[in-house]
Amino acid sequence: MADVKLTKVVKRYGDVETIHGIDLDIKDGEFVVFVGPSGCGKSTLLRMVAGLEEITEGELHIDNECVTSVAASRRGVAMVFQSYALYPHMTVRENMGFGLKMAKTDKVEIKRRVDESAKILQLEPLLDRKPKALSGGQRQRVAIGRTIVRNPKVFLFDEPLSNLDAELRVQMRVEIAKLHSQLKNTMIYVTHDQVEAMTMADKIVVLRGGNIEQVGSPIELYLNPVNEFVAGFIGSPRMNFFDCDVIAQTDDSLTLKLPCGEVCQLAADVSHSPGMTRVKLGIRPEHLKEDQSGEIRIGVDVDVVEHLGGSTYVYARYSGEHELIIQTGGLSPVRRGDHCDFSFNLDQCHLFDCNGLTLRAAKPVPLHTQAPVAQALSG
Amino acid sequence: MKRLQKLGAYLFLLLIGYVFLFPLLFMIMSSFKPEQVIFADLYSIRAILPVGDLTLDNYRQVFEKSDVLLYFRNSILITSATVILGLFVNSLLAFTLSRMRWSGRKYILAAVVALMIIPIEAIVVPLLLLVSKLPTIGWEQGGLVLMGSWLNSLEVQILPFVANSFFIFLFYQFFRDIPKDFDEAAELDGATPFQIYRHIIVPMSGPVFATVAILHFLLMWNQYIWPIMAVQGEDARPVMPGIQIFFGRQTSWGEIMAYASFVTLPVLAVFLAFQKKFVSSLAGAGIKG
């Protein structure tokens, strides 16, 4: 078990810089998930921790020891690859014991540790099989078993579930979470799937373009995203955004005109951003209601309806041009081609400035809820 | 209609097979026939059938009139040493070219590819000059001494042919398609680059090793120009130049066929032994594109 500390870590390939000075503290026993879109640098960062990529600048400490220039095998880390990377010519037992064999561990000890790990992962009946004779889920378990055998300080997972089907992915997600609670090791997990990140992590690190956008617990990121990118990335389906005109501004509030014409006032600390003319309002799909109990009502044209059983996703257009997603109950009567009204409360809205940074809105007070009145005011 | 087409296709394949098999069958059958029977059967199907007055006399004459067993032993030694060393050297270079990062790697790879287009005939004279000046290391009066030149030895027929740019390229192509994740997993497991080569890459590359072994074996077994130039005496002569010597003596066609059949046997045996992997390697290469 170990802390992991990255200090001003930079990665350059020739003149191209892909990781721009990352600072990150991972506490002993934490399950940390690196999440972000393709090309954000999450896998590169993990590989730098593993020792498979050289750190161009900065320092990496594992268990309070600087391992920046230490070989991968001596860092006390073990990694599960996206492709599993099980050696096809070796049996499961040989695959799991390969690292110990390279370390010239006694054969009896190798057998003991392989058997112990196999027991944890219920791999005992499979030990004499070769990888080609295993299912996807079994291969995944062997890949994890191979890391457990080495008893590393830090476990690294590079998108380990991306090759599995949906059902198996959910099952393995639970198994990895159970494994973490059982072993209590530090684990770093890379994924582009924010659902995996939300469900497994103690702490999520959201990356974009080689920079950390935000670090926090899943619920912290969901409730208080620091910018529009994090707000859009965390949560499924993604948050809806609307451009709004700023009608009036004080140090602690904004008066906005919504695309539907309605005018409302939201409390926000905008003392550092004087003279704003446009802002973005964000509302999560699950906060749009099919009933009319919300403070703001909007009329939408429904394009597509996805019935998932427990919930329904409605893909619609608002004011003719703004696309939005609404998550409603499983038995929603909404049909494709319908025109219907949805509503939301302003206290569930996020507000972002023109640079995408969050303006912390709170206690919104709607001035008018009647569209004709609002239009009259703005007119 | 379909059955007719199928029949036509089979007949065509049979004809093609006959064209390829005819010389081989004729050689083997003739080696068991006296001279007059060979010529009597020449224009009939009997030429490729084991019929008539069959005898082992031709083989007996071959062993009596020539040192074919010595040549055969030399060829076995030269070929097996070259193939074994070649598999190791060529695959190891291909491994470093395809899976390791080091400065100058691209230039070496370009040189390997460029060398593939230079035929042995083009370099044989400078090579001969070089090996004629190279001394061998011997043991005399309790110490190492430099003696003679490489000419007229077995090593002159082995060492210049161990490294082969075509085989390096074949290994390179195969290794390049093996996912890098295996190396990285092994690296994390504490394996050194040589251990990765030895424990991971080599066991996963059976088909390409079989292919190169067969091709290298054929290349070495059929060596003709180089041994004629570099070997003058009997002691280190391999089988193929031995045919030339045998031809020079008063021999019958049946004896020549017996000699040729005898030296062809190892080639057939090696091919049959590795055939399955050889074919799968070629098929695999096709699928991988």
Side-chain angles (χ1 to χ4, degrees), chain A residues 13 43 46-54 70-91 94-105 110 130-132 139 142-160 163, chain B residues 87-88 91-92 94-96 98-107 171 173-213 274 276-278 280-281 283-285 287-288:
Chain A
Y13 295 99
S43 283
L46 187 84
R47 290 167 59 81
M48 286 160 88
V49 174
L52 298 173
E53 294 281 351
E54 201 180 313
V70 173
S73 59
R74 296 181 177 199
R75 291 188 180 193
V77 300
M79 185 159 160
V80 177
F81 291 81
Q82 185 175 2
S83 62
Y84 317 137
L86 298 178
Y87 312 126
H89 54 287
M90 295 184 196
T91 62
E94 287 165 343
N95 262 285
M96 290 172 73
F98 184 72
L100 298 175
K101 188 180 162 189
M102 290 296 104
K104 295 190 167 50
T105 309
I110 293 177
K130 290 205 171 159
K132 68 177 176 189
R139 285 179 201 185
V142 175
I144 295 171
R146 192 166 64 176
T147 61
I148 295 174
V149 164
R150 293 184 56 216
N151 194 17
K153 294 175 186 171
V154 182
F155 283 88
L156 307 173
F157 297 87
D158 189 6
E159 306 204 30
N163 288 336
Chain B
L87 286 177
F88 179 66
S91 64
L92 205 57
F95 172 77
T96 62
S98 61
R99 311 194 75 82
M100 294 174 74
R101 279 180 275 180
W102 42 279
S103 55
R105 186 177 61 94
K106 284 181 184 167
Y107 300 108
F171 277 120
Q173 289 281 72
F174 192 91
F175 292 166
R176 206 183 51 172
D177 289 341
I178 298 175
K180 287 268 193 323
D181 283 0
F182 291 117
D183 303 41
E184 292 179 345
E187 192 184 335
L188 279 164
D189 277 337
T192 61
F194 186 75
Q195 284 172 323
I196 294 172
Y197 164 81
R198 160 79 184 78
H199 293 290
I200 309 297
I201 301 299
V202 172
M204 288 169 68
S205 308
V208 73
F209 273 87
T211 304
V212 170
F274 289 98
K276 204 174 170 186
K277 288 214 163 182
F278 184 67
S280 78
S281 167
I287 292 161
K288 280 174 188 163

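Chain letters run A, B, ... following the sequence lines, proteins first and then strands; every chain starts at 1.
Residues A:Met90 and B:Ile200 approach most closely at CE-CD1, 3.9 Å, considering heavy atoms. For the pair A:Leu86 and B:Phe182, the tightest heavy-atom approach, listed with the atom from each and the gap, is O-CE2, 3.0 Å.
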(request) Decide side-chain contact (heavy atoms from CB on, under 4.5 Å) for B:Leu188 and A:Arg150; before the verdict, give the C-alpha distance in whole Å, the side-chain angles of both, and the deciding distance to 0.1 Å. (result) CA-CA 10 Å; B:Leu188 279 164; A:Arg150 293 184 56 216; 4.2 Å; yes
(request) Tell me, with the steps shown, if A:Met102 and B:Thr192 meet side-chain contact (heavy atoms from CB on, under 4.5 Å). (result) CA-CA 9 Å; A:Met102 290 296 104; B:Thr192 61; over 6 Å; no
(message) Using the rule given for side-chain contact (heavy atoms from CB on, under 4.5 Å), can you reason through B:Glu184 versus A:Arg47, listing the C-alpha separation, both sets of side-chain angles and the distance that settles it, and then say yes or no?
(response) CA-CA 10 Å; B:Glu184 292 179 345; A:Arg47 290 167 59 81; 2.5 Å; yes
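With sequence neighbours excluded, the residues that form a ring-ring contact (aromatic ring centres under 6.0 Å, His included) with B:Phe95 are B:Tyr197.
Dense packing is recorded around OH of A:Tyr13, with more than 12 heavy atoms of other residues, nucleotides or ligands lying under 6.0 Å away. Applying the 6.0 Å contact sphere to CD of A:Glu54 captures no more than 12 heavy atoms from other residues, nucleotides or ligands. Remark: B:Arg105 CZ is packed, more than 12 non-hydrogen atoms of other residues, nucleotides or ligands lying under 6.0 Å away.
With rounding to the nearest 0.5 Å, the separation of CZ in A:Phe81 from NZ in B:Lys180 is 13.0 Å.
In this structure a side-chain-to-backbone donor-acceptor pair under 3.5 Å is present from A:Tyr87 to B:Ala186. Between the A:Arg146 side chain and the B:Asp189 main chain, no donor and acceptor come within less than 3.5 Å of each other. A donor-acceptor contact shorter than 3.5 Å is absent between the side chain of A:His89 and the backbone of B:Ile201.
With a threshold of 4.5 angstrom between heavy atoms, A:Val77 approaches chain B through its backbone and through its side chain. Using a 4.5 Å cut-off between heavy atoms, A:Arg75 does not touch chain B at all.
Residues B:Glu187 and A:Ser73 are not in side-chain contact: their nearest non-hydrogen atoms beyond the backbone lie 4.5 Å or more apart.
The most heavy-atom pairs under 4.5 Å with chain A, out of B:Ala185, B:Gly190, B:Ala191, come from B:Ala185.
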